[in-house]
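Just follow the structure's listing: the first ligand is 1, and inside any ligand the first atom is 1.
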Amino acid sequence: MPTIKDIMNTMEYGPAPEGNAEVKAWLAGLGDGIGHFINGKFTDARAPLIEVLNPATDASLAQVAKGSAEDVEAAVRAARAAYPKWSALPGHARAKYLYAIARHIQKRERFLSVLETMDNGKTIRETRDIDVPLVARHFYHHAGWAEVLDSEFPNHTPVGVCGQVIPWNFPLLMLAWKVAPALAAGNTVVLKPADLTPLSAWAFAQICAEVGLPAGVLNIVNGDGETGAAIAGHPDVDKVAFTGSTEVGRLIRRQIAGSGKKLSLELGGKSPFIVFEDADLDAAVEGVVDAIWFNQGEVCCAGSRILVQEGVAPRFFAKLTARMQVLRTGDPLDKTMDVGAIVSRKQLTRITGLLAQGEAEGATLHRAPGALPKTGNFCAPGFFTGTAPASTVSQVEIFGPVATTLTFRTADEAVTLANDSRYGLAASVWSENINRAIEVAAKVKAGVVWINATNIFDAGAAFGGYRESGFGREGGREGMAEYLSPAWEKGGKARPAPALAIEVSPFTGKSDRADIDVTAKLYIGGKQARADGGQSYTVLGKGGVAIGQAALANRKDVRNAVEAAHKAGGWGGVTAHNRAQVLYFFAENLDQRRAEFEALLIDSTGTSAKAAAEEVELSIRRAFWYAAQADKFDGAVHATKSRHVTLAMNEPFGVMGLVCPDEAPLLSLLSLLLPAIAMGNRAVVVASQSHPLIAARLYQVLETSDMPGGVVNLLTGERDVLARTLAEHDDVAALWYCGSAEGVAMVETASAGNLKPVWTDGGRLRDWRDPAQGQGADYLRRATQVKTIWLPYGE
Ligand code: NAD
Ligand code: MN
């Protein structure tokens with residue numbers, strides 16, 4: 001028997017396993033296995049079955065059915081049937097169900113923690129202290145949203161039937177993140193757990209049955225990727241919410257393009273963990289433990305790229321190595337373990353393959369010492385040194401307990417390295433200089449930034465990515481918005497068939513108006529530019545009479561415009577007050593040229609003098625409205641559970657593509673452009689294909705309004721040719737498209753490359769004159785992405 005002194009020296013503990021008799025009894029009660037939870041009924045496990053394993057022991061826990069298209073059909077039908085009643089319930093009634101679910105989860109915290117640990121391999125310490133308490137918190141928080149929905153989200157309706165697909169790394173927590181807001185908002189749900197970890201969702205379904213959740217409100221269909229694809233693709237699913245790999249996120253984006261379904265994606269990451277030389281290094285080392293060794297590194301927002309300032313790098317790595325020596329990897333049910341089992345043999349093989357590749361590419365791998373258990377899928381935690389920024393392990397998500405490291409000299413270099421990734425999920429910044437930490441937080445392209453902290457989550461704060469980490473947010477007010485639709489967006493008639501094919505020909509029509517600009521150009525980087533292809537197209541006006549020619553832009557022009565917009569990055573940094581001043585000045589100059597625009601609208605569209613005057617008047621007002629909003633569309637400070645000031649910052653995307661419809665060509669163009677630039681974006685605008693001369697007039701107004709070159713770029717030509725190039729372009733961060741239903745499908749498909757968020761009108765007409773449809777907070781929200789910054793509060 002070791003003495004206490006020995007123990008203090010070695011820090012060896014005896015085993016302290018959490019009891020699992022209760023879970024074993026529950027598993028035994030599953031009989032042949034688990035099927036699906038459809039319309040309030042638990043179905044039997046019918047073949048084909050998938051074996052559910054405990055990754056720490058390789059023991060079989062249960063069998064789970066692989067849902068077929070018929071199972072998905074039954075579940076969607078049940079969700080649809082339950083929808084009218086559930087969505088019509090008063091918020092208070094839904095709140096009571098969510099509250100009851102939260103209570104029942106709390107009553108079973110221990111059971112759920114043990115079950116989750118056995119199914120996933122994560123440690124009991126984490127399931128008990130992190131996963132399950134957060135699950136309960138999520139349902140309490142969202143019971144609150146149900147309660148206050150009407151006053152907090154006026155003029156919104158639920159989306160309908162939501163298809164939700166979740167991964168295996170936080171099985172019950174990801175379920176909570178999906179189910180709680182969906183139900184609070186009045187939607188009904190068909191959810192598919194990961195086939196590696198279906199058990200806690202089954203227990204959750206039992207809880208729903210216990211609290212008497214009406215049949216069909218929540219349906220669970222088990223299965224694999226094929227089952228997931230059947231849910232996402234089901235024509236009666238109105239919204240798809242997915243968490244998992246970027247690869248599958250892309251597949252889903254393409255699969256449902258043009259279907260009109262709403263989509264949110266929480267995908268992979270390669271998140272930077274930035275340590276400045278004035279950081280509290282011991283705290284930062286503990287941060288690494290929570291960043292990359294938490295949950296075996298199977299965390300989408302894991303701090304997997306450690307960036308250390310050169311001066312402290314040797315000291316930091318020495319401390320990290322020392323800390324790693326005492327990490328314990330083993331039986332996840334043992335309360336003293338730091339690192340549990342990797343979720344599956346396949347995932348372990350993937351991780352070890354990447355580690356070998358890292359070494360083959362010249363990096364040095366440092367691992368925690370100590371024997372690993374003989375059975376099960378264990379992986380010793382570690383980190384690489386000597387990785388190059390472009391090496392595979394620096395760029396690819398390992399999704400295991402190993403970080404890469406790089407050193408940097410200056411804060412600018414740290415930001416450059418941090419942003420050298422296709423992803424943008426999270427970042428962690430360590431510095432005792434709060435000014436610098438906040439500045440770096442602002443410059444890092446990530447949806448979540450933790451200052452002197454890492455991997456903190458709360459139901460009241462938004463979580464979600466920039467770039468290829470996906471779009472949409474989960475948690476808090478921002479997360480609720482993903483499960484609601486503004487009432488105005490549901491209406492609108494289908495657009496008439498696309499305009500006549502573009503006719504590239506020398507100008508043959510005869511203009512009878514001297515003031516028609518017959519040499520309309522493009523506007524790129526603050527300069528008038530001829531089309532790269534040297535071609536123009538004939539513009540037909542009132543009565544089909546040719547009234548001029550417009551430049552016919554091609555792909556090269558789009559790329560030039562995007563480059564010019566990219567270079568105008570200073571616009572996002574200009575103060576909101578200054579942006580407002582430019583918009584006011586623009587409005588003033590437009591006002592000066594009322595008569596000219598009215599005449600051009602009449603000539604172009606054949607509209608009445610009265611309607612033309614109204615369109616110009618509304619355009620001027622819209623510019624005033626967005627000038628006013630430039631410094632009023634605020635972020636928020638969220639009330640989260642931990643000791644943090646949790647900021648929700650509305651940040652611009654960067655370069656946005658805006659594709660305009662033909663109706664109300666001046667007003668619709670400005671209705672899209674003004675919110676985008678008011679929020680600090682730069683825009684590449686594809687003007688109305690049929691009425692392009694308006695755009696040419698507009699650049700003359702822009703030129704006199706102190707608009708910096710490159711902030712607004714105006715292209716004319718074939719809408720869908722230009723839209724496709726914008727959708728495919730990696731440097732276009734968000735796209736708005738108004739056009740045909742076919743065009744909507746095309747841009748949604750083409751956007752899958754960099755997974756930019758795409759907002760379309762669904763191929764339906766908008767009444768741009770109606771301020772409820774043509775302007776408003778929805779435009780501002782769609783022109784920004786929320787960055788959540790967690791600031792420490794107190795010592
Ligand atoms: P995955 O993306 O394949 O699976 C996630 C979920 O999507 C599962 O429920 C799966 O059954 C389902 N799915 C798979 N193909 C689908 C399809 N075509 N349509 C609809 N649903 C589909 O992830 P994985 O195979 O479990 O893990 C692979 C890699 O993904 C990991 O190594 C990791 O890099 C990444 N990953 C990321 C997260 C995250 O939270 N961001 C979570 C899990 C895995
Ligand atoms: Mn499992």
Between [X] and [Y], does the ring centre distance come in under 6.0 Å?
{"X": "Phe463", "Y": "Trp177", "value": "yes"}
{"X": "Phe471", "Y": "Phe653", "value": "no"}
{"X": "Phe37", "Y": "Trp202", "value": "no"}

Problem - Those protein residues which place at least one heavy atom below 4.0 Å from ligand 1 - result: Val165, Ile166, Pro167, Trp168, Asn169, Lys192, Pro193, Ala194, Asp224, Gly225, Gly228, Ala229, Phe242, Thr243, Gly244, Ser245, Val248, Leu251, Ile252, Leu267, Gly268, Cys300, Gln347, Arg350, Glu397, Phe399
Practice task
Look at the side chain of Lys270 and the backbone N and O of Val396, then say whether any donor-acceptor pair between them is shorter than 3.5 Å.
Solution key: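 It does hold such a pair.
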Exercise for the section: Answer yes if the side chains of His36 and Asn222 hold a donor-acceptor pair under 3.5 Å, and no otherwise. Expected result: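 Side chains of His36 and Asn222: no pair found under 3.5 Å.
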Problem - With sequence neighbours excluded, residues passing side chain to side chain donor-acceptor pair (under 3.5 Å) with Asn295 - result: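 Listed in chain order: Lys122.
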